[in-house]
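Step one of this worksheet: look at the structure below.
Note that the structure is a prediction, hence the values are computed from the model and not measured. Heads up: numbering here begins at 1 and tracks the sequence.
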Amino acid sequence: MDNFVRRLLQASCAMALAAAVAQPSMAQSTRKTLKTANRFFDQENYRAAIPFYEQVLAKEPNNAQALFRAGISYMSFDKEKASDYIYKSQRIKKNVSKDVEYWLGRVDHLNYNFDEAITHFQAYNATLKKKDTRKVEVGQLIQHSKNAKVQFNSPKDIFVKNLGPSINTAYSEHSPVISSDDKLLLFTSRSENVTGSNVTGDDAKKGKGNVAADGEYYEDIFEAKRIGDDEWEKPRSLSGALNGKGHDASIQVFDNDTKMLMYRQDENGDIFYTERAGGDWSAPKKLNGNINSKGFESDAFITPDGLTIYFSTSKYSEDNTLDIYYATRKPGGDWGEAKPVAGINSKYDDDSPYLSRDGKTLYFSSRGYNTMGGYDIFKSDYDSIGNKWSRPENMGYPINTPDDDTYYRLSPDGSYAYLSSYRIGGYGEKDIYTINYIKNVTIRGKVFSARDSVSIIPGVELVFSGTQADKTAISFRDVTKPETGDYSVSVLSGRTYQVAVSKDGQNITTEEFAVPVITNDTSSIVKNFYVPYVDTTSASMFAFKKIYFDTDKYNLRPESVRELNNIAGILKANPGVNISIEGHCDSRNTDEYNMVLGQNRSNSAYNYLKKNGIGETRMVTVSYGERRPSAPNDSPENMQLNRRVEFRVILKEGQTMADLNKSANAGGATGTGTGSGTTSTSASGTSTSSSTRTTAPLQPGKTKVKTAEGTKVKTKVDEDSDKVKVKTESENGEKTKTVTKEGELDSKAKDEAGDKTKVKTKVE
C-alpha cells in the first residue's frame, strides 16, 4: 500500500476512535469489538479486521464508521461489497470521513464506474489546499480512470480464464512459472496451506508460524502437475528447501528446467537461484552484488542463452520506485555491471520483466504510462536497426483491469499466457489466470430444403454478421457449391452471428448462430441450415444422397442399402423419372483400374434397384473412375468422399427440371408403374401417357374405377376442403394410398413382394 493511502487510513482511524468515545450509549461489548477491529485495521490487517466489523454491524447495521472501514477492508477481497458498504456509510452519515469522496472514487474505479470515480476524485480534490501534495496523486487517479474508460471501451478479442480452485484460493496466488513441456506449474501462494499456517495459541499471537505483519501468511512456493487441459493435481508445497522465514516467491525455471530463479525476503528482497536435485530443489543461493543490493529486488528473467538477466530494482531510484535493469555475463562467468533498459522505465514502479522466446518483445508491469490503475501489463518491441526498445504499449482490456495485473508469462509455445490479477469474480484476492487470443474457426456444412431435410440447395449465399469485442462490425460470406451444396467460412469465434441466407438476391431466412470461444488454430464446426425454400430450377426434389464404398470394394454397405431403398421408393412413386448411376473412385490405383472399379460400383447400385422393381430402361450406368473427385485426395477422410456412387436425373429432350418437379407435384407420386414408366394413374383414375400427363378437375364425392390392366382405383374428395384420398390395388397385390391435403402429399406403397415405401412431401 502506498504512503498516500496509508496516511488516509491513519487519519480515518483517529476519527473512528473519537467517534466511538463520543457514543456513551454504545454497548460495552460492541465498543470493545469495534476497538479490536480498528486495531487490526490500523495494522493494515484487513482480513482479521473484517470479522470484528461484521460483528458490530450484526448488532448495529447502521453504524456508519463500521460500514466505512469494513468497506475499505473489503477492497482486496470483495470489490462489490466494498462499494455497497462505503456508499451506505455515506448515506447514513454524509461526512463519515473527510476522505469519503476519495474512497468512493476508489471503489467506483475498481467496479468499472469510471465517470462516477472521476466525479468523486474531483470532489475530493476540491477539498485539498492548493499546495497539498496529494493533489498530484489525485490527479493521477483521475487520469487512471480516464485511461481505463478508453481501454474498457476498446476491448481486445481475448479470452481470460481463471485457473480454477485447484490452484487459486481465497488468498493471494501469483508469480506463475510453467515448465518447458507445459505440464508443471510453479506458483506462489499465501493460502492456508503454507508452512506454519496451522500454528495457534501464543505463537500465532506473536506473529510466528509464517504469519506476516498484515495478518496473512507469508508467501510459499508450490508446484502442481497438469492432468488435463484445464485440470491440475493438488499443489505440493516446496517449503522443505525453498521457503525461508519471510516471503518466498517463484520467478523462472531455466537451463532445461534444472534451475529456478526465486525471490526471498532478504535485505528488503533479493533474487536467489536454486537447482533441482533429484525430485526436489537445493538450498537457494543469492545472485551477486551487481544484481542484489540493500534496496528492493523483486523479479527477474534470464534469457534462454543464459547470458543476460533483466531484473527490477529500487537501488537506483531516488524515491524507492522500481526500475528495470539488465546485466550480462560471459559463459561460466558471473553477472557484470547493471544498466537501465533504455526507454522502458517510467517515474513510477516498473516491474516483472519477461522476454518472448525470440527476444524481440519485452513484457513488463508498470504503474506508469497510460495504466488503467495499479499495475498494468505493457509490451515493447526491440528495433534491431535503431538498437532500442519501442515506446511501451498498454496491452489493453481485458488483459488489464482497473486493479493490479502482474507477472505476465507466455506458455512454452507462445500460444497463450499466464498472469496474476485482482478481478471481480475471482476466488478472493489475487488469482492466476490464462490469457488466450480468440482465434478464427471454420464453419462448414450444407443448406437443405426444410421440406424434406434431404434436398441440397446450391447457389445459396450465407452471410455471417457479427461484431468484434470493440463493437466493430465484421462479416463473412460464402455461396453453396453447385455440386455438393457445401459452404465454408472462417469466422472469429466467441460471439453470436446473424446468418442471412439468400438465393438469387432474395432473402430466404435469417438465423442466430452462437459460436463458442476457440483458442487453437485447427478447430472446425459443422452447421447445416434447413431453410423454407423449394428449388424449381434444379433436381432438388430428386437430390438423391450419394452412397459410399470401402477401399477397393464395390459391395454395398448397410447404409447404402437403406438409401437405395429410399431411391427405389421415390422412383416407384414417380415413374416418369429416369436416372444415371455414376461410379467414382479415389486415386489410390491406376486410371484404367479405377475406371473398371467405378463401373463395378455403379453396377452394384443398378442391380439392387433392378431387383427392387425399377425397370432397366429407366437406368443407365457410367464410370468416371478417379477423374471427378469431390474432394482432394490428400487425406483418408477426403478419399472416402471420393469412393462413391452418385444418382442424377435424366431429362427427356426439351424437358426441364422445373417441368419434372411440376409434373411430380401434380400427381406423379400416385403412379403405379414399376417397369418402363409408360403409364400412370391420375387422381381422377384416368390412364394417361407419362409424357403427356394431365390432372382433371376433381369433383367432391367418391368414385371407383378399374383400369384395363385390372388395377382398382378408389377416389374420395371432401366437400369443404382440398383433401383428396386415392387408393389403388393391382391384381398382383401391389397397393398404394395417397392423401393430398392443404399442400401436403402423403403416399404409401406396397409392392408384390410385400416391401413398403413411404413418400411425404409438400406440393407447391
Side-chain angles (χ1 to χ4, degrees), residues 173-182 184-189 218-224 237-244 246-277 280-293 295-315 322-329 331-336 338-339 341 350-357 359 362-365 406-412 417-420 432:
E173 280 75 38
H174 61 86
S175 303
V177 175
I178 194 72
S179 62
S180 57
D181 62 4
D182 207 14
L184 184 68
L185 176 71
L186 293 98
F187 65 98
T188 304
S189 177
Y218 281 111
E219 297 168 335
D220 274 4
I221 300 174
F222 289 77
E223 70 174 12
S237 173
L238 301 183
S239 60
L242 299 186
N243 292 322
H247 295 299
D248 300 281
S250 47
I251 292 179
Q252 177 194 6
V253 288
F254 61 104
D255 277 359
N256 296 319
D257 300 344
T258 62
K259 298 177 182 177
M260 177 169 64
L261 283 182
M262 60 174 287
Y263 165 88
R264 173 165 284 184
Q265 191 179 0
D266 186 78
E267 291 188 298
N268 287 324
D270 283 337
I271 308 298
F272 287 69
Y273 78 95
T274 175
E275 299 185 55
R276 187 179 286 277
D280 220 325
W281 298 91
S282 64
K285 298 177 182 179
K286 186 183 294 192
L287 299 188
N288 72 14
N290 286 325
I291 307 302
N292 291 311
S293 69
F296 177 38
E297 283 74 43
S298 64
D299 205 357
F301 177 83
I302 293 178
T303 56
D305 62 11
L307 301 180
T308 305
I309 184 171
Y310 291 80
F311 64 102
S312 45
T313 177
S314 66
K315 175 181 178 180
L322 290 168
D323 290 321
I324 297 176
Y325 276 67
Y326 76 98
T328 60
R329 67 177 177 182
D334 211 341
W335 298 112
K339 300 177 182 178
V341 181
D350 302 290
D351 195 7
S352 191
Y354 180 86
L355 264 71
S356 59
R357 183 174 290 274
L362 173 66
Y363 301 93
F364 65 100
S365 303
T406 54
Y407 305 107
Y408 185 88
R409 301 290 187 260
L410 290 171
S411 65
Y418 296 84
L419 65 70
S420 306
I432 299 175

Indicate yes or no for a side-chain donor-acceptor contact from Thr274 to the backbone of Met260 under 3.5 Å, with no hydrogens or angles considered. no
Over all heavy atoms of both residues, which pair between [X] and [Y] is shortest? Give the atoms and the distance, please.
| X | Y | answer |
| --- | --- | --- |
| Pro284 | Leu242 | CG-CD2, 4.0 Å |
| Ile309 | Ala300 | CD1-CB, 4.1 Å |
| Ser411 | Ile178 | CA-CG2, 4.4 Å |
| Thr188 | Ala249 | OG1-CA, 3.2 Å |
| Phe364 | Pro353 | CB-CA, 4.2 Å |
| Phe296 | Asn268 | CD1-O, 3.0 Å |

Supply the atom-to-atom distance [X] [atom1] to [Y] [atom2], rounded to the nearest 0.5 angstrom.
| X | Y | atom1 | atom2 | answer |
| --- | --- | --- | --- | --- |
| Asp220 | Ser237 | CG | OG | 5.0 Å |
| Lys315 | Ile291 | NZ | CD1 | 9.0 Å |
| Tyr310 | Gln252 | OH | CD | 12.5 Å |
| Asn292 | Asp270 | CG | CG | 3.5 Å |
| Ile271 | Ser298 | CD1 | OG | 6.5 Å |
| His247 | Gln265 | NE2 | CD | 4.5 Å |

Report the residues that fulfil side-chain hydrogen bond (donor to acceptor under 3.5 Å, both in side chains) with [X], sequence neighbours left out, ordered by chain and then residue number.
| X | value |
| --- | --- |
| Asn290 | none |
| Asn288 | Asp334 |
| Tyr273 | none |
| Ser420 | none |

Thr308 and Ile302: side-chain contact (heavy atoms from CB on, under 4.5 Å), yes or no, with the steps? CA-CA 6 Å; Thr308 305; Ile302 293 178; over 6 Å; no
Quick check: do [X] and [Y] have side-chain heavy atoms less than 4.5 Å from each other?
| X | Y | value |
| --- | --- | --- |
| Leu185 | Pro176 | yes |
| Arg276 | Asp257 | no |
| Leu307 | Pro331 | yes |
| Ile221 | Val177 | no |
| Met262 | Ser250 | no |
| Ser365 | Asp350 | no |

Residues two or more places apart in sequence or in another chain: which of them pass ring pair (Phe, Tyr, Trp, His ring centres under 6.0 Å) with [X]?
| X | answer |
| --- | --- |
| Tyr407 | His174 |
| Phe272 | none |
| Phe254 | none |

Between the side chains of [X] and [Y], does any donor sit under 3.5 Å from an acceptor?
| X | Y | answer |
| --- | --- | --- |
| Glu297 | Thr313 | yes |
| Ser189 | Glu173 | yes |
| Asn256 | Thr258 | no |
| Thr406 | Ser352 | no |

Does [X] have any salt bridge (charged side-chain N to carboxylate O under 4.0 Å, His left out) partners at least two apart in sequence or in another chain, and if so, which?
| X | value |
| --- | --- |
| Asp351 | none |
| Asp255 | Lys259 |
| Asp299 | Arg409 |

If the plane angle is over 60° it's perpendicular, under 30° parallel, otherwise tilted; pick one for Phe222 and Phe187.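 Judged by the thresholds at 30° and 60°, the geometry between Phe222 and Phe187 is parallel.
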Applying salt bridge (Lys or Arg N to Asp or Glu O under 4.0 Å) as the test, list every pair that has at least one member in residues 260-269; sequence neighbours left out.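 Of all non-adjacent pairs touching residues 260-269, those that pass salt bridge (Lys or Arg N to Asp or Glu O under 4.0 Å) are Asp248-Arg264, Asp266-Lys286, Glu267-Lys286.
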With a 3.5 Å cut-off and sequence neighbours excluded, list the donor-acceptor pairs that the side chains of residues 322-329 form with protein atoms.
residue : atom : partner : partner atom : Å
Arg329  : NE   : Gly306  : O            : 2.9
Arg329  : NH2  : Gly306  : O            : 3.1

